[in-house]
Amino acid sequence: MKKRIPFMDTTFRDGFQSCFGARVLTEDFLPALQSSVDAGLSYFEAGGGARFQAPLFYCNESPFEMMDAFRHTAGTDAELQTLARGISVVALEQQPKDIIDLHAKLFKKHGITTIRNFDALNDMRNLKYSGECIVKHGLKHQVTVSIMGIPPGTQGDAHHTDYYLKVIREILDLGIPFDVVAFKDAAGTTPPRTIYDTIKQARKLLPEKTTLHLHTHDSAGIAVAQNLAAIEAGVDFIDLSKSPCSGGTCQVDIFVMRHALRDSEYDLDIDADKILKASRDLEKALKDYTIPAEARSSSHLIQFSPMPGGALTANTLMMRENKTIDRFPEVIKAMSEVVKKGGLGASVTPVSQFYFQQAYLNVMQGSWKKIAKGYGDMVLGYFGKTPVAPDPDLVKLASEQLGKPPFEGDPIESLEDGIPKASKLLNDNHLPTTEENIFIVAACGQKGLDFLLGKGQVSVPKTQDSSKAQKQEVQEVKAATATPAKRSYTVQVDGKTYDVVVEAGKVSSSPQTHDSKPTQATTPQPTTDSFTIAAPMPGSVEKICVQAGSAVQANDLILVMEAMKMQNEVRSPQAGTVDKILVETGKSVTAGQPLVLLKP
């Protein structure tokens, strides 16, 4: 008899993240989830990670209501798992102990049974308290070792079998409670032999019958080989997904893995006809969604610049929205240096976002001219200890630009309680201080508050007029329904980017200038005695911290931007007086766009 290989269906979380930047409306995917349940699947990845933020940021939905609907559809016996980022839980910034505890409490309340808990730096201190909270509230804790293949030619004693075994020893020495040990390769770059050796040796270190689980992506084209290596080494579970959210930047497709196991001693033991129907139903449910070309295929470049499958499409979507997608190959190339100098943290959220942000800045503004806040905080130690020491010159530069010293303590011990601050923010805005609301504003900041205030927006990659965003706009466009539809596209031909407008059968196009600054017709020009503070990257203005006439010193905070799912502080490079503010809160800006005029 063949040995059955159980798997978790990641379609409805990592699949969505890897294909659509996690921007999928709940009402659109629930019928496909029901079909998957009818096909006999009962272990699903249901939320967490980017699928907590994206419903708020891009779908105008409560992630808690999404989880409730998921549980209702999946049934009471289904195993529902979410993803947590250690002391950041489902945020991109470190969270204090009271918010970490609230995370576990609320996810249990809203139908989750297991939380996969990882730290991108493999600083196991960051998993101790969060793991204790997960177990305390009656959830299963899947403690996770973050793995990746470092770029070829990179020097550093990390990301090999002995290093991963050291991480496992730290888990045991710290007494972190767990039910499962997972190995998470978000970029899909760990050599299969390393996976085989690591799982074989981990069996000898861990208590007998410990469940081992492998997670990887097919971004670099080796995920099938990775899964086979893990299975041969004795792994208990793997992660798979369904078409169209499979392969490429996603997990291996269920049927691809089933075929790879033919004529071996292993089998997935599925009802093929029912799973095929579930895949067809998923394709039907997502027929109006656009999957970027880069999500559909593996790339040999990922081994050199380990961009996670789950982050790649989220970033390319944002670059398309900001009309900088033509610089994407340069950004991917620049990531390699950013990873090498940054301490070799595994390229998984939030560290993957730090890498991408810094690479983006290096391309758009010049190498190391501007240190992104998250990347700078990481190399300075505020997220924990990196696997190897970051480049000392980079640490010095980050300290100077961010105006803070390196940190060597335990990150969680330096954070103030979050519930009082979040409660005050809710009270100040006349909102109910429910635990869900407290967690939303604590974990998601201004965008969480905007959602609760009814200011949320819908931005999902749908091509038809059936999205909630377009339904919400019906009242505004009724008067214009008799006019021909007008559509705008950005296309690339022979390396050049064009804006194309199609209207009533007519097509017009114009070259897209490489300079992303607004034109003189729309942007107030600085006077000869003023200084322009410009946006360091595309994004939206989240908070303006000065007003006209304000006196500022060098390094004073001017405003906060949200870009690439991260808050970015824009500080004054010199002392002066604010002459004019050129942007508004909530508005989108392009890279290089003037934000504030400053008089010396």
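- Counting heavy atoms of neighbouring residues, nucleotides and ligands inside a 6.0 Å radius, atom CD of Glu413 exceeds 12 of them.
- Within 6.0 Å of atom NZ in Lys284, 12 or fewer heavy atoms from other residues, nucleotides or ligands are found, so the atom counts as exposed in its surroundings.
- Only one option out of Phe356, Phe354, Tyr375 pairs with Val338 in a side-chain contact (heavy atoms from CB on, under 4.5 Å); it is Tyr375.
- Counted within 6.0 Å of CD on Glu65, heavy atoms from surrounding residues, nucleotides or ligands total 12 or fewer; the atom is thus considered open.
- Taking CZ of Phe44 as the start and CZ of Arg13 as the end, the distance is 15.0 Å to the nearest 0.5 Å.
- Within the structure, side-chain hydrogen bond (donor to acceptor under 3.5 Å, both in side chains) pairs that include any residue of residues 116-125 comprise Arg116-Gln142, Arg116-His213, Arg116-His215, Arg116-Asp239, Asn117-Ser130, Asn117-His141, Asp119-Asn126, Asn122-Tyr163, Asp123-Arg125 (at least two apart or interchain).
- Of the charged side-chain nitrogens involved, at least one lies within less than 4.0 Å of a carboxylate oxygen, so that Asp9 and Lys242 count as a salt-bridged pair.
- Using a 4.0 Å cut-off between charged side-chain N and carboxylate O, Lys287 and Glu283 make no salt bridge.
- Not less than 6.0 angstrom separates the ring centroid of Phe118 from the ring centroid of Phe183.
- A pairwise comparison of heavy atoms in Thr386 and Gly343 identifies CB-O, 3.7 Å as the closest pair.
- Ion pair Arg4/Asp269 flagged as a salt bridge, since at least one NZ, NE, NH1 or NH2 atom sits closer than 4.0 Å to an Asp/Glu carboxylate oxygen.
- Here the side chains of Val89 and Phe439 are in contact, with some heavy-atom distance below 4.5 Å.
- Taking a cutoff of 4.0 Å between a charged side-chain nitrogen and a carboxylate oxygen, Asp101 and Lys97 do not qualify as a salt bridge.
- Classification of Glu435 and Lys105 as a salt-bridged pair holds, one side-chain N sitting under 4.0 Å from a carboxylate O.
- Between Asp450 and Gln446, some side-chain heavy-atom pair lies under the 4.5 Å cut-off.
- Salt-bridge annotation for Lys140 and Glu79: present, with a side-chain N of the basic residue lying under 4.0 Å from a carboxylate O of the acidic one.
- Taking Lys184 as the reference, nothing meets the salt bridge (Lys or Arg N to Asp or Glu O under 4.0 Å) condition, with sequence neighbours excluded.
- For Phe29 and Tyr289, the distance between ring centers is not under 6.0 angstrom.
- Between Tyr164 and His159, the distance from one ring center to the other falls under 6.0 angstrom.
- Here Phe255 and His259 keep their ring centres 6.0 angstrom or further from each other.
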